[in-house]
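Note sheet for the following structure.
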Amino acid sequence: KENEREGTTARTTRATHMAKRKLLVLLKPFDVFPVRTSDASRTSNSQTSHILDYLDNRRKVHKDAIRFCQSILQRKPVDWEPMLRNDLSQPIRNVDLVVSIGGDGTLLQASHFMDDSIPVLGVNSDPTQAKEVEGLNDAFDATRSTGYLCAANVNNFEQMLDDILDDRSIPSKLTRLAIRVNSHLMPKYALNDVLVSHPCPAAVSRFSFRIKKDEQPCSPLVNCRSSGLRVSTAAGSTAAMLSAGGYRMPIWSQDLQYIVREPISPGAAFSLMHGVVKSDQLMDAAWFCKDGVIYIDGSHVRYSIKHGDNMVISSKAPVLSVYLPSHVLS
C-alpha cells in the first residue's frame, strides 16, 4: 500500500511538472510543392505523371506526419501552439521547447528567431526513402528531406518527446555565426553558413579578407576576384560547403570554415582560398563591387552591401540548443 501511494505521488508530481511545459510547434507549409490540377492529369506524359504522383505523395506524407505529431501532443500534459514557419516574425520567447516539423529548412528558419535559452527538436516529416530513389533514378531525383539536424521522425517522436519532458535527453550546443557590417551586428545569426556574393550569379565578386586575432593579423591580406565567399559553421560543413569542396567538421567544433568560390587566377594566394577561422579569431573582409548580398542560411534571409563596406565574420554568437540524432553526435 505504501509503495502504491509513493508511486501515485511520483506520477502526480511528474504530471504536474510536465503540465508546466509550453511548446511552440513550427510547421513547414503545405504549398511548397505544386498541386496537381485536373488539366495537368489529362495532358501530362508518363514521366510528368510520375513526378506529380511523387509530389502529391510528399505533400500527403508531410500532412500525415503533422497530424501524427499533433495527436501525440494532445495526449501529453503540455501546452502547445502550432504555427506555420512563414508566420514567424518575432523572437520566440516564453516557451520551453520548439518542435519544428518539416526538415532542416524549417529548423534553420526557427533558429533565426531563437536565442540560446530555448532548445529545438527537429522532426523530419518526409525522410528520403532509399528504395524510392533507386527505383526512380532513371526518371528524376526522388530525394526527399535529408533532416541532418532532425533527431525525430514519426517512428520515434513520442519516445524523443518523453525523454525530453522527463529530462532524460540533453540538447547539444551548436556554434552559430555572427556577421557585422560597418560595425553593425546583423540581426540574424547563421546556423549553417553565409554566402557573400554579387546579386547576379554571372557577375564577378571583388573583395579582400584577412584572418585576425586580438586585432592583429594572422594571415596576409587576400584580394579576390571570384564567384563569392562562403563561410560555414560545423553544422553547415555538411551542406553547401561540402558540395563546394570543403570538408566535414566535428559537430561540436567552434571553428568556422571558409572557401572562396571559383577564384580567378589566385596565383600565390591559392593556398589561402580555403581555410579555417578559429574560435578565437575573426575574418575581416571588405567589399569592392557596387552591389553585393549577404545570404544567411540559404536565400531567404539576405542583407545588401555596397562598395567599401566592411564585414567582420566570427563565431561570437549565441549557441543554439538542438536535440541531435545519435549518428550526428557520433
Side-chain angles (χ1 to χ4, degrees), residues 103-113 146 148-149 174-182 184-211 219 222-249 253-264 266 269-270 272-278 281-317 320:
D104 287 333
T106 305
L107 194 151
L108 284 170
Q109 194 158 350
S111 75
H112 296 156
F113 296 88
T146 302
Y148 177 72
L149 299 175
L174 296 187
T175 293
R176 288 194 282 187
L177 183 158
I179 185 163
R180 292 179 178 271
V181 177
N182 301 329
H184 297 291
L185 179 66
M186 297 295 96
K188 297 287 191 295
Y189 301 110
L191 178 58
N192 260 7
D193 56 29
V194 299
L195 172 64
V196 186
S197 70
H198 194 282
C200 173
V204 174
S205 296
R206 291 177 170 84
F207 57 92
S208 66
F209 71 89
R210 66 171 15 130
I211 309 302
S219 74
V222 182
N223 295 299
C224 297
R225 292 181 300 140
S226 72
S227 296
L229 172 69
R230 187 180 298 279
V231 186
S232 85
T233 64
S237 68
T238 64
M241 177 61 72
L242 189 63
S243 299
Y247 59 88
R248 187 188 303 261
M249 303 167 70
S253 175
Q254 297 178 9
D255 297 339
L256 305 177
Q257 184 180 171
Y258 73 85
I259 193 167
V260 177
R261 301 198 314 167
E262 302 171 330
I264 300 172
F270 179 78
L272 300 172
M273 296 296 105
H274 180 202
V276 170
V277 182
K278 296 291 187 180
Q281 298 175 337
L282 56 82
M283 174 181 279
D284 190 358
W287 185 251
F288 297 124
C289 290
K290 179 182 177 182
D291 299 306
V293 183
I294 301 171
Y295 297 95
I296 307 287
D297 288 336
S299 62
H300 297 296
V301 179
R302 64 185 74 180
Y303 303 108
S304 296
I305 52 176
K306 61 184 184 300
H307 186 282
D309 280 348
N310 171 258
M311 296 166 286
V312 174
I313 302 170
S314 74
S315 58
K316 294 177 175 60
L320 186 72

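Fair warning: this is a prediction, and the values are worked out from it, not measured in the lab.
In terms of heavy atoms, Gly228 sits closest to Ser226 at N-OG, 3.0 Å. Across Met241 and Gln257, no two heavy atoms sit closer than the pair CE-O, 3.3 Å. Heavy atoms only, all atoms of each residue included: Phe288 and Ser208 are closest at CE1-OG, 3.4 Å.
With Arg261 contributing its side chain and Ser227 its backbone, the two residues share a donor-acceptor pair below 3.5 Å. For Arg176 (side chain) and Ser111 (main-chain N/O), a donor-acceptor pair under 3.5 Å exists by modelled atom type. With Asn310 contributing its side chain and Asn182 its backbone, the two residues share no donor-acceptor pair below 3.5 Å. Ser205 places a side-chain N or O within 3.5 Å of a backbone atom of His198 that can act as its donor or acceptor partner.
In this structure the side chain of Arg180 never reaches within 4.5 angstrom of the side chain of Ser314, judged on heavy atoms. Between Met311 and Ile294, some side-chain heavy-atom pair lies under the 4.5 Å cut-off. When side chains are defined from C-beta on, Trp287 counts as touching Val196, because their heavy atoms get closer than 4.5 Å. Side-chain atoms of Phe207 and Arg225, non-hydrogen and from C-beta on, never get closer than 4.5 Å to each other.
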Q | Asp297 and Asn192: CA distance, side-chain angles, deciding distance, side-chain hydrogen bond (donor to acceptor under 3.5 Å, both in side chains) verdict | A | CA-CA 6 Å; Asp297 288 336; Asn192 260 7; 5.0 Å; no
Q: Could you check Lys278 against Asp255 for salt bridge (charged side-chain N to carboxylate O under 4.0 Å, His left out), going step by step and ending with a plain yes or no?
A: CA-CA 5 Å; Lys278 296 291 187 180; Asp255 297 339; 3.6 Å; yes
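The neighbour count for His300 NE2, taken as heavy atoms of other residues, nucleotides or ligands under 6.0 Å away, does not exceed 12. No more than 12 heavy-atom neighbours from other residues, nucleotides or ligands sit within 6.0 angstrom of CD on Gln254. Remark: Phe270 CZ is loosely packed, at most 12 non-hydrogen atoms of other residues, nucleotides or ligands lying under 6.0 Å away.
Between Leu191 and the choices Thr175, Ile296, Leu149, Leu177, the side-chain contact (heavy atoms from CB on, under 4.5 Å) rule is met once, by Leu149.
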